[in-house]
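Step one of this worksheet: look at the structure below.
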There are 2 protein chains.
Amino acid sequence: MGPNKILKPTEGELEILQVLWEKGDATVRDVHEELSRTKDIGYTTALKLLQIMYEKGLVTRDESAKSHIYKAAVSREKTQKQLVGKMINTLFAGSPGQLVMQALGNHQASSDELEQIQKLLDNLKKK
Amino acid sequence: MGPNKILKPTEGELEILQVLWEKGDATVRDVHEELSRTKDIGYTTALKLLQIMYEKGLVTRDESAKSHIYKAAVSREKTQKQLVGKMINTLFAGSPGQLVMQALGNHQASSDELEQIQKLLDNLKKK
DNA sequence: CCCATACTACGAATTTTATCGTAATAAATA
DNA sequence: TATTTATTACGATAAAATTCGTAGTATGGG
């Protein structure tokens, strides 16, 4: 029971979630300024998106001050898990390894990250 | 010069591309039958989607027979590269390693694949 | 207290995606 | 040859996502 529908953020909603995940919380102004750095977008457009996300339950907000303060209501990790799973299915025919190699092969990871991946890999190989 | 706009397949288009990549080529009927295995979809819906994809340049088709034969006009690899890159940016704050660990940690890869990944990793670490 | 400013709310228009019905046409078959 | 069947084309509708204008409201400075 309860409002646990599967929420699939749209493209635009993801951009906003990204901002909220980075900053922790943000006003419409904060979000709008951040989005403006990479694209042309009106203030009320950002506002409207946040309002819709609020209705959907993708964000929470504190209305006690005049400027509402928004927070992400879905975790980055959970969203990543959801979308990565979908991508593996629709784009890599169900093979996670193919995705991993695509990502590793085409995008440079730091040596720190490579070490972390190595450790995880060692663990997986043990089983 | 030339029609090299960035083509971003939609959800539904990706499902169809997946079928075309698997089969090499296919008629509308083939595609429709395949999609019907996992979802409710009308024949003319599949047809229309393929027609739209044709207009966009996502597929080519051979019209010499009554039943047109469609092929993907974009490669699986290129599409993967494009969408994985986007995902790294919008969902993993630009860090490919995070994506890799997400995928490895949450989805079981075969030991063959783990070996391949290991080799790739060794290579990357050398540099 | 009044005005300028900064917000939110709301509704409307647009664009994109998805879905399907109907008509026209060609092919197969009875 | 006449009829059924398979197929494409086209347009209409619906649903989802995006965008922004306008109006109303509160707040803070003068």
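A, B, ... follow the sequence lines: proteins, then strands. Residue 1 opens every chain.
Atom-to-atom, CD of A:Glu63 to P of D:dT27 comes out at 14 Å; the value is rounded to the nearest Å. Remark: C1' of D:dT7 and CD of B:Glu33 are 14 Å apart, rounded to the nearest angstrom. Here the C1' atom of nucleotide C:dT19 and the CG atom of B:Leu50 are 14 Å apart, to the nearest Å. Across the protein-nucleic acid pair, B:Met53 atom CE and C:dA18 atom P stand 10 Å apart, rounded to whole Å.
In the model, B:Glu113 has a side-chain atom that pairs as donor or acceptor with a side-chain atom of A:Ser95 under 3.5 Å.
A:Gln51 has no side-chain polar atom (N or O) that falls below the 4.0 Å cut-off from OP1 or OP2 of C:dT8. Look at A:Arg61 and you'll find a side-chain N or O under 4.0 angstrom from OP1 or OP2 of C:dA9. Put simply, B:Arg29 has no side-chain N or O that comes within less than 4.0 Å of OP1 or OP2 on D:dT5.
On a pure distance criterion of 3.5 Å, a polar donor-acceptor pair joins the side chain of B:Lys66 and the base of C:dA26.
Rounding to the nearest 0.5 Å places NE2 of A:His68 at 14.0 Å from CG of A:Asp25. Taking CG from A:Leu124 and CG from B:Leu114, the interatomic distance works out to 6.0 Å, rounded to the nearest 0.5 Å. Rounding to the nearest 0.5 Å places CD of B:Glu22 at 12.0 Å from CG of B:Leu17. The line from CG of B:Leu20 to CZ of B:Arg76 is 10.5 Å long, rounded to the nearest 0.5 Å. Here the NZ-OG1 distance, from A:Lys48 to A:Thr45, works out to 10.5 Å after rounding to the nearest 0.5 Å. Of the inter-residue distances, the one linking A:Lys8 atom NZ with A:Leu83 atom CG reads 7.5 Å to the nearest 0.5 angstrom.
Over its length, the helix from C:dC1-D:dG30 to C:dA30-D:dT1 turns its helix axis by 10°, as judged from the five terminal pairs at each end, rounded to 10°.
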**Report entry** Base-contact (B) and sugar-phosphate-only (S) positions in nucleotides 15-23 of chain D, heavy-atom cut-off under 4.0 Å, - elsewhere
**Finding:** --SBBBBB-

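Note on B:Lys86 versus A:Glu11: salt bridge recorded, some NZ/NE/NH1/NH2 to OD/OE distance being below 4.0 Å.
Under a 3.5 Å cut-off, the side chain of A:Gln102 and the backbone N or O of A:Leu99 do not form any donor-acceptor pair.
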